[in-house]
Protein chains: 2
Amino acid sequence: MRSEKPKLAVIAETLGVSVATVSNALSGKGRVSPDLAERIRETARALAYVPSMAGRALRTGRSGVLGLVLPDISNPLFPQIAQAIEQAASTAGYGVLIGDSRGHTGVQTETIERLIDRGVDGMVVIPRRGTRISDIGCPVAVIDTPSTPGNTVSSDHWDGGRQMGAHLRALGHRKVLILAGSPLSTVQNDRVGGLKAGLGPGADVEVVWLETLASPNAPDLAPDRAPEHSLNLAARVEQGVTAFAALSDLTAVRALTELQGAGIAVPEAASVAGFDDLIWSSVVTPSLTTLRMDMAEIARLAVSALTAVIEGLPRARVAASGTVTAERSSVPMMLVVRQSTGPCRTIVPKAVEGIVR
Amino acid sequence: MRSEKPKLAVIAETLGVSVATVSNALSGKGRVSPDLAERIRETARALAYVPSMAGRALRTGRSGVLGLVLPDISNPLFPQIAQAIEQAASTAGYGVLIGDSRGHTGVQTETIERLIDRGVDGMVVIPRRGTRISDIGCPVAVIDTPSTPGNTVSSDHWDGGRQMGAHLRALGHRKVLILAGSPLSTVQNDRVGGLKAGLGPGADVEVVWLETLASPNAPDLAPDRAPEHSLNLAARVEQGVTAFAALSDLTAVRALTELQGAGIAVPEAASVAGFDDLIWSSVVTPSLTTLRMDMAEIARLAVSALTAVIEGLPRARVAASGTVTAERSSVPMMLVVRQSTGPCRTIVPKAVEGIVR
DNA sequence: CGTATTCGCTTAAACGATTAAGCAACGATG
DNA sequence: CATCGTTGCTTAATCGTTTAAGCGAATACG
């Protein structure tokens, strides 16, 4: 086997030119005759030359790697996000380094610093709810919650809520229970607001926050704590609730199975809807009506904003990093109507039926 | 603000010593007087010195980054894996770079090469089912399927199946339907084998493979295709099946909701069990009995095997990289009994009831 | 007392890429 | 013919770290 692993010097030596010329030819920057440039590219290909990221990083100060900071990987929304970001970053020529805060707000800062120390060129941050990302010394794109500068890209959660509300209203639902998670979440509050707006002024809407304020620092999902007590949804149905709008598919599936377990048919007796179109939503029976985020678009926006900033400021030191002029975008959500929502059955509780007519 | 960002030279200059001494002091390698060493560490701390990964990587040839190659991030098992690996790698001082094959076998090789080109020191690979990892030029730890050398760490899926089978047998189930995914998956075949063994020789076991051989290159989960046709589990119950053992919680939840939708009570009329303890399993009603992998342990083993190899071979070139002597380990799975499995109701189909007695 | 052997530090050479600056040669222009 | 500007390449410096080699001075040993 040819032991010499290809670096610029090898190509240079092969063709009898200098490394600088090779570098110029491959990057297309300096002045190289078209003829020679072609020959250089050719031998580079022949030798299967791959530039050393380390060497390049040292010289240019850029690593070609983005950090992905998550509040908690175990959040089931993560796969969608990770895949979209990885895809977008990868096509933009960047690698993605994982940073997980494991549900602790304090760890978030630490995680971010570890990534910076590793030399990421920028980072996509999905902040833990209620936290804001302080100005760190590198370009940041924040997903899903407004942050200090304008570098935020997010789904239009409010409008998503509105779409869902309108959908339920169109089906005739007037008494709706919203199953929410934590009142600290901006996202969830947006969705609640939109839902109420979409349901219209006459609707009878109640919100139940499943996560108590008592544990604001608990992990996003506390699976071992949550199922302790049932949500008592059957009682709600008897009280006249005809639709349950969960702010997450996780909760929606929980509601669905609880209702089914109590012998309440979905969607005949009560409708159930969720958010995020997690993978389960299409698999359960009945499949869940839900709102899907356009993760690909969000990721594309976040990454392109990031790369623009990164490749924009030439070799500036940490100095003017506040100049992170990313577009503040709002990406529409998409209503996916499946089987778990249906027309509202005229409210005729069995007990009263005889009396009414 | 002090503009000078701390590098070795700054510390050296501050104390009037040479950079080499500073490097030695901080790494603890060369010969430095304890006194000076302490002063160096102190000023390093004071200046908030962080070594440049780029510089170090260039010199040492090691980047301090591991690659994580996944067949498909959208697999709901991914969060568990990613979190465990990130945790293990992070405590071992390594970063984790994501590489996603998006369900395509062909992309897997490409993904691996991209990571190598990025200079990872080693990689954890969860191969697409049916594929083996050819000898690439860097240390590899393979999870969940036997690979070329001995560098594999995996759950004991067979024994997991056996545990589940034994559990069901203890509850009195003799007629069991196994809901499997793809027959190409070694993991799933192991689980099936274990299940059969655990259920004992007298049991009436049938296996249904949900994924046809027709689409061997399709993504792991085809959520839009899967729910097309129901699994027809109600009919199975009428045929006398009392327990459904799904090889994935995803399928288990699917089975659970389908049964509930058909008015079949779980676990009274039929038991349902799954694998992997995905986050949903504890949230649905009834909560799922399932088998949990010890992801933390698997990740720890994989990462430590990797780091051992990496830090073992000093600065050897690609030459003897075949010497990847990682331990081939099998990590036990843990049965989590919840509400979805219960004692087998003596089989007295309603239609026959009157006749029997 | 002369010669080894440590100790404690410095000098210097890598690692592989980028890039500013320089230098011949050549054609065009005054 | 002298000068200027291009073109096409090379020289050399630089990024920040590690590490082999070197070199006085102090200590040990015969």
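In the text below, chain A, chain B and the rest are named by the order of the sequence lines, each starting its count at 1.
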Visitor: Could you walk me through whether A:Ser304 and A:Thr307 pass the side chain to side chain donor-acceptor pair (under 3.5 Å) test, one step at a time?
Guide: CA-CA 5 Å; A:Ser304 73; A:Thr307 55; 5.6 Å; no
Visitor: For B:Ser74 and B:Asp72, does a side-chain donor sit closer than 3.5 Å to a side-chain acceptor?
Guide: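 Side-chain D/A pair, B:Ser74 to B:Asp72: present.
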Visitor: At under 4.0 Å between heavy atoms, what does B:Ser23 touch on the DNA or RNA strands: base, sugar-phosphate, or nothing?
Guide: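 The answer is base, as B:Ser23 lies within the cut-off (heavy atoms under 4.0 Å) of a base atom.
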Visitor: Atom OG1 of B:Thr21 and atom CD1 of B:Ile11: how far apart are they, to the nearest 0.5 Å?
Guide: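 That separation rounds to 12.0 Å.
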Visitor: Whole angstrom is fine here: how far is it from CZ in A:Arg59 over to P in D:dA12?
Guide: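 These atoms are roughly 16 Å apart.
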Visitor: Between C:dA17, D:dT17, C:dC9, which nucleotide has the shortest distance from any of its atoms to the side chain of B:Leu8?
Guide: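 In terms of side-chain proximity for B:Leu8, the closest of C:dA17, D:dT17, C:dC9 is D:dT17.
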Visitor: Give a yes/no on whether any side-chain N or O of B:Ser33 is located under 4.0 angstrom from OP1 or OP2 of C:dC9.
Guide: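 Yes, such a contact exists.
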Visitor: Please determine whether a side-chain nitrogen or oxygen atom of A:Ser27 lies at a distance below 4.0 Å from atom OP1 or OP2 of C:dT18.
Guide: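 No, no such contact exists.
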Visitor: Mapping B:Gly55 and B:Arg31 onto DNA chain C by nearest heavy atom, which one lands closer to the 5' end?
Guide: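 Nearer the 5' end of the strand: B:Arg31.
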Visitor: Can you check the A:Leu26 CG to C:dG16 P distance for me, whole Å?
Guide: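 These atoms are roughly 16 Å apart.
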Visitor: Expressed as a whole number of angstroms, how long is the span from B:Arg62:CZ to D:dT19:C1'?
Guide: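 Going from CZ in B:Arg62 over to C1' in D:dT19 covers 13 Å.
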Visitor: Base, sugar-phosphate alone, or nothing: which one does B:Ser52 contact when heavy atoms must sit under 4.0 Å apart?
Guide: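 Here B:Ser52 touches the backbone only, sparing every base.
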Visitor: Could you give the CD1-to-C1' distance, from B:Ile11 to D:dT17, as a whole number of Å?
Guide: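 Value for this atom pair: 12 Å.
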Visitor: If you pin A:Val19 and A:Pro34 to their nearest nucleotides in DNA chain D, which one's is more 5'?
Guide: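 First, find each residue's nearest nucleotide; the 5'-ward one identifies A:Pro34.
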Visitor: At less than 4.0 Å, is any side-chain N or O atom of A:Thr21 found next to OP1 or OP2 of D:dT10? Yes or no.
Guide: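 For D:dT10, OP1/OP2 do have a side-chain N/O of A:Thr21 under 4.0 Å.
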Visitor: With a 4.0 Å cut-off on heavy atoms, is A:Ala20 in touch with a base, just the backbone sugar-phosphate, or nothing at all?
Guide: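 The answer is base, as A:Ala20 lies within the cut-off (heavy atoms under 4.0 Å) of a base atom.
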Visitor: Do A:Glu42 and A:Arg39 meet the salt-bridge criterion of a basic N to acidic O distance under 4.0 Å?
Guide: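 Salt bridge absent between A:Arg39 and A:Glu42.
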Visitor: How many Å lie between CG on A:Leu58 and C1' on C:dT18, as a whole number?
Guide: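 Computing the A:Leu58:CG to C:dT18:C1' distance gives 10 Å.
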Visitor: Give, for atom NZ of B:Lys7 and atom CG of B:Leu47, the distance between the pair rounded to the nearest 0.5 Å.
Guide: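 Spacing of NZ (B:Lys7) from CG (B:Leu47) equals 13.0 Å.
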Visitor: Can you tell me if the side-chain N/O atoms of B:Ser18 get under 4.0 Å from OP1 or OP2 in C:dT11?
Guide: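 For C:dT11, OP1/OP2 do not have a side-chain N/O of B:Ser18 under 4.0 Å.
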Visitor: May I have the distance from A:Leu36 (atom CG) to D:dT10 (atom P), rounded to whole angstrom?
Guide: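 Result: 8 Å.
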Visitor: Please confirm whether the shortest side-chain N or O distance from B:Tyr49 to OP1 or OP2 of D:dT17 is below 4.0 Å.
Guide: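 For D:dT17, OP1/OP2 do have a side-chain N/O of B:Tyr49 under 4.0 Å.
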Visitor: Find the distance A:Met53:CE to D:dG16:C1' and express it as a whole number of Å.
Guide: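 Result: 19 Å.
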Visitor: State whether the distance check finds a donor on one side and an acceptor on the other, under 3.5 Å, for side chain A:Arg56 versus base C:dT18.
Guide: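 There is none.
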Visitor: A:Asn24 has an atom CG; how far is it from atom P of D:dT11, in whole Å?
Guide: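 In whole Å, D:dT11 P lies 14 Å from A:Asn24 CG.
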